[in-house]
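These notes concern the structure reproduced below.
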Amino acid sequence: MTTTRRELAPRYDAATVEPAIYERWMAADAFAPALESPAGAERFVIIQPPPNVTGALHIGHALVTAIEDTLVRYHRMRGDDTLWLPGVDHSGIGAQFVLDKTIAEEGDSRASLGRERYLERMWRFMNETRPVIGSQHRRLGASVDWQRERFTMDEGSARAVRTAFKRLWDAGLVYRAEALVTWCPRCRTTISDLETIHRDEMGTLWTIRYHLARPDGTPDPDAWISVATTRPETLLGDTAVAVHPDDERYRDLVGREVILPFLARRLPIVADDYVDRTFGTGAVKITPAHDPNDYELGKRHGLEAINVLDEEARISAAGGEFVGRDRYEAREAILDRLRENGDLEAERPHAMVVGHCERCGTVVEPRLSVQWFIHVKPLAERALASVREGRTMIVPPHFEKVYTHWMENIHDWAVGRQLWWGHRIPAWFCPNGHVTVTDAEAGPDACAECGRPAAELTQETDIFDTWFSSGLWPFSTLGWPDETPDMARFYPTSVMETGYDILFFWVARMMMLGLFLTDAEPFHTVYLHGMIRAEGGVKMSKTKGNVIDPIDMVDEIGADALRYALVAGTAPGSDMRLTRPKLEGGRNFSNKLWNAARFVLGARPQPVATPSGAPTLPERWIRSRLAETVERATRSLDGLDLAGYAAAVHEFAWNDYCDWFLELAKVDLRRQDATDAERARTWLTAAEVLGDLLRLLHPLMPFVTEEIWGTLDVAEPRATRGEPMLIRSSWPAPAARDLIAERDLATLTELIREIRDLRSGMGTAAGEWLPLHVVAADARSRAVLEAGLAYLEPLARVRPVDLDADLGGRPSAAGSTPSGTFWLGTDPAAEAAARARAEAHLADLQAQAARVRDLLGNGSFAERAPAAVVERERARLAELEAQLGQLAAARDALNE
RNA sequence: GGGCGAUUGGCUCAGUCGGUUAGAGCGCACGGUUCACAUCCGUGAGGUCACUGGUUCGAAUCCAGUAUCGCCCACCA
């Protein structure tokens, strides 16, 4: 650690401070909840999406961390029983995708290694990549309970997965069936609809002639039916041609047969409503094994489904002469041959939607296979009711509609994946075709139906969709299915925070599985954040070179600055643009805090005397502003409005504390006539308010605030109330505001601002002292100005100040505030500018007064508007008229 | 083909229950060597709140429609 705890370096260096601070938190075991829940404490448990084990954290993870850590630190300071449990997801398909590429470089492949050695290799790979996520989380300041860290492939998760599946099975919610599923030929597994990305693409629509069969079974060269297709290679699997039953053109052909090219298969011509007469030729080739619609039609007409693609999308043995060729190669070959035969009637460009694998981008194929399904309707109904009836709230609320729409139209979940890395489905087959599902780690003792011994059973080779284990995360991490102390203490959880992009993948599954397995909503709030975009609102992508790496930013400007930039000015559920200036704004804010603290610590009287005397107006004022900020920050955080919280604290820190209070306090700390006791009181106020500011800001910017806190603690334990670490300190308590101090200080600052404005407009040199003449609006204002003379003079750069100015015979009053009018003694040249300004000001006030007068004169307004609103307008008019009176008097005096 | 969201100064975004003269940060202009900070200080300019119509004493805010952009969902060969 290079910084001492006694003083702050002239420049804030996040790169050295932040890691040292994290070490101190770890050493103090500051993240874990207490051993036992404190009596009377509320519970706050946040659920985070466990990042994929293989990756490095991207900017989206940094956003997750910023939001969640802010909430967690806030609740910890509030004294809630707070848990943030870290972990990583094994990411079945994603991990295999990455490992496959890695081992390919080593000259290996899935096939060359075999399942067992591949999995060994995977575990080795896991152990290499897993620590990366952890260390990056630490850099971002995540105050997670590392002792409870979990992994979706650990033993606890494995047990939860087996138990969950067994319970679903026992409840009759699991079935195994042949179905047409989406298949990725590169990942060589089934993927779900959600994992399929549909893109509009320009393809080709080919028109192909299928010749009618003659009685002897040979194709009739002169009679054919033309069908349109975008995937000619699938014709190898055709088992019919379909037309619309009412289509005059083909009425006579229904019931006859055509001969499939290359394979010479006889295909019936069937009639079905599904066919769109206006599309293509109005006749469709039917490939039940490779098209969802054809599959349905095939079932209606009892057609055979012939699979012509293997798992890598090469033509299978059923494809005759084309066997073994890649699907696109085969397509070209087939087209060439059709062309040669004169059976390719037409080809034209055709806009269509093509499905791609989310993971690898490969064009997916519908594929007929036997799959495990979860019957989700009953699960979805409960998940819907929970949200509809408000037991789980979604933030922002409009995502409830998205959630509802998806849940209402949900399809059964194909949970099996033909991969190796993941939880193997705990189902065993016996030679009699029976299925036995068990949650026992060792597998079943015997077939559940016929009693065949375990030795004769074989386990299912499919594994679970990664989201099945992720869907158990809120409770599997707490020890479920056992009734552990953690389950009792932390479940159901509080807030589940994630991006809206995985609402269906993850949130919906957690809701369904959580309700079914634990009979409780797994969390009471779903907080969805938006996506982070680059400049111009475009997606960040490596190819565009506009990716912001969070760890680079932490290195450069610090985690605090990054966190601030991510949280400030963002609304839940909407995308945000992260730009360089925004990040710099965060850095500047860290710097500002650092320097404010440097000032406060450097201004410490040596020694600090026992304070005495009544607090000054600025002291009362800053405490009142603090009280309001505490209220605003608390309300915002309780309402999950992180941007509101960030704005409240930023405004207080910069505008109230630095720009006004510290400048005013400098006057008191440096005045000659002050006693040590008074000076001590002012300084202590500065230190104590700084202490509370650090508390308020700590959830969002934990490092810089903790570092300053450490120094402040040494310099002034009263300011930290003896709480040695900020992370374990308490959230500021609500306090009463001092509205009189706020009004009185406004009297002073409004005048200062007006004078500065006038000086700036006149082009007065900044250092030049000008005489000030003031006519106070009332006795109270005059008293405030008199008492505040010592502040007024240096901050407005005016001297001497005449508080009892006489308007008669003086130059035009150049400015006015609600508490009075004033003019500056100036040279004649500047006076014209001042006068013009005064006239403009007067006109503005008159226009305002006229507007309010009109409003009040409108009978309907007085009658129908609420009394409070009317009253407010009346008061405003009175104030405007008072100011106008003063200004008019000043002008009259001049004109005489 | 459905659905959702957005549209507020040059840029990025706030704007509560409809109620003063619509705010902030960045950028811009002008001025600044005052002992916390130029990653700063002071001052200022800049907005028909996308458009049209309606409700209302009063609309950025509520309602209807239009336009543009974005996203999600969807089995048309």
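Here is how names work: the chains are called A, B, and so on, in the same order as the sequence lines, proteins then strands, and each is numbered from 1. Quick caveat, the model's predicted, so the values are computed rather than measured. What you see below is based on every heavy atom in this structure, not just the backbone, and it leaves out hydrogens, waters and symmetry mates.
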Residue A:Glu535 excluded, over 12 heavy atoms near CD under 6.0 Å: no
Sugar-phosphate only, base, or nothing, as touched by A:Val284 at under 4.0 Å among non-hydrogen atoms: base
Euclidean distance for C1', B:G9 against B:A60 (whole angstrom): 14 Å
Sugar-phosphate, base or nothing in reach of A:Gly585, heavy atoms under 4.0 Å: nothing
Matching residue for A:Tyr657 among A:Phe661, A:Trp660, A:Trp654 - test: ring-ring contact (aromatic ring centres under 6.0 Å, His included): A:Phe661
A:Asp757 or A:His411, whichever maps to the more 5' nucleotide of RNA chain B: A:Asp757
Minimum-distance nucleotide (side-chain atoms of A:Arg577 versus B:C13, B:A36, B:A77): B:C13
Lys/Arg-Asp/Glu bridge criterion (N-O < 4.0 Å) met for A:Asp638, A:Arg635: no
Sugar-phosphate, base or nothing in reach of A:Trp654, heavy atoms under 4.0 Å: sugar-phosphate
Sugar-phosphate, base or nothing in reach of A:Lys539, heavy atoms under 4.0 Å: nothing
Electrostatic pair A:Glu233:A:Arg327 at N-O distance under 4.0 angstrom: no
B:C11 versus B:C75 - spacing of their C1' atoms, nearest Å: 44 Å
Spacing of A:Arg753 atom CZ relative to B:U43 atom P, expressed in whole Å: 6 Å
Gap between atoms NE2 and P, on A:His198 and B:A74 respectively (whole Å): 6 Å
Most 5' of A:Ala351 and A:Arg872 on RNA chain B, judged by nearest nucleotide: A:Arg872
Per A:Pro581 side chain, nearest of listed nucleotides B:G42, B:C26, B:C37: B:C26
Between B:G65 and B:G70 - P atom distance, rounded Å: 23 Å
Whole-Å P distance, B:C63 and B:G18: 10 Å
A:Lys401 side-chain N/O to B:C73 phosphate OP1/OP2 under 4.0 Å: no
Watson-Crick/G-U partner (both atom distances under 3.5 Å) of B:A74: none
Spacing of the C1' atoms in B:A74 and B:U16 (rounded, Å): 38 Å
Sugar-phosphate only, base, or nothing, as touched by A:Val852 at under 4.0 Å among non-hydrogen atoms: nothing
Touch class at under 4.0 angstrom, heavy-atom based, for A:Arg797 against every strand present: nothing
Sugar-phosphate only, base, or nothing, as touched by A:Glu663 at under 4.0 Å among non-hydrogen atoms: base
A:Arg11 (side chain) and B:U39 (base): donor-acceptor pair under 3.5 Å: yes
Side chain of A:Asn591 (C-beta onward), nearest among B:A36, B:C71, B:U39: B:U39
Between B:U34 and B:U61 - P atom distance, rounded Å: 47 Å
Side-chain ion pair, A:Glu628 and A:Arg625, N-O less than 4.0 Å: yes
A:Lys666 with A:Glu663: basic N within carboxylate O range, under 4.0 Å: yes
Closest listed nucleotide, where the reference is the side chain of A:Leu662 and the choices are B:A77, B:G19, B:A36: B:A36
Sugar-phosphate, base or nothing in reach of A:Ala643, heavy atoms under 4.0 Å: nothing
Euclidean distance, atom CD of residue A:Glu296 to atom P of B:A77 [Å, nearest integer]: 17 Å
A:Asp291 CG - B:A77 P separation (whole Å): 9 Å
Whole-Å distance separating the CG atom of A:Asp273 from the C1' atom of B:C75: 16 Å
Whole-Å distance separating the CD atom of A:Glu873 from the C1' atom of B:G18: 14 Å
Nearest listed nucleotide, side chain of A:Phe504, among B:C73, B:A77, B:G19: B:C73
Chi angles and distances behind the side-chain hydrogen bond (donor to acceptor under 3.5 Å, both in side chains) call for A:Asp668, A:Tyr791: CA-CA 9 Å; A:Asp668 288 320; A:Tyr791 308 116; 2.7 Å; yes
Touch class at under 4.0 angstrom, heavy-atom based, for A:Arg876 against every strand present: base
B:C69 pairs with, by Watson-Crick or G-U criteria that keep both distances under 3.5 Å: B:G5
Exercise: do A:Thr817 and A:Glu754 side chains pair donor with acceptor under 3.5 Å: no
A:Phe279 ring center within less than 6.0 Å of A:His244 ring center: no
Watson-Crick or G-U counterpart of B:A64, or none if no pair lies under 3.5 Å: B:U52
Rounded distance in Å between the C1' positions of B:G15 and B:G25: 15 Å
Phosphate-side-chain proximity, A:Lys582 and B:C11, N/O vs OP1/OP2 below 4.0 Å: no
Paired nucleotide for B:G19 [Watson-Crick or G-U wobble; both distances under 3.5 Å]: B:C57
Watson-Crick or G-U counterpart of B:A29, or none if no pair lies under 3.5 Å: B:U43
Touch class at under 4.0 angstrom, heavy-atom based, for A:Asp501 against every strand present: nothing
Nearest-nucleotide pick for A:Ala228, side chain only, options being B:A77, B:C75, B:G19: B:A77
Touch class at under 4.0 angstrom, heavy-atom based, for A:Arg587 against every strand present: base
Salt-bridge present (A:Arg580, A:Glu584; N to O < 4.0 Å): yes
Spacing of A:Tyr403 atom OH relative to B:C73 atom P, expressed in whole Å: 17 Å
Separation of B:A14 P from A:Tyr645 OH (nearest whole Å): 19 Å
Sugar-phosphate, base or nothing in reach of A:Phe399, heavy atoms under 4.0 Å: nothing
Sugar-phosphate, base or nothing in reach of A:Pro794, heavy atoms under 4.0 Å: nothing
side-chain N/O A:Asn588 vs B:C40 OP1/OP2, d < 4.0 Å: yes
Below 4.0 Å: OP1/OP2 of B:A77 and any side-chain N or O of A:Arg231: no
Candidates B:G42, B:C76, B:A36 - which lies nearest the side chain of A:Phe599: B:A36
Nucleotide opposite B:C37 in a Watson-Crick or G-U pair, distances under 3.5 Å: none
Nearest-nucleotide pick for A:Asn595, side chain only, options being B:A14, B:C37, B:C76: B:C37
Span that lies between the P atom of B:G1 and that of B:G47, in whole angstrom: 40 Å
Sugar-phosphate only, base, or nothing, as touched by A:Arg851 at under 4.0 Å among non-hydrogen atoms: sugar-phosphate
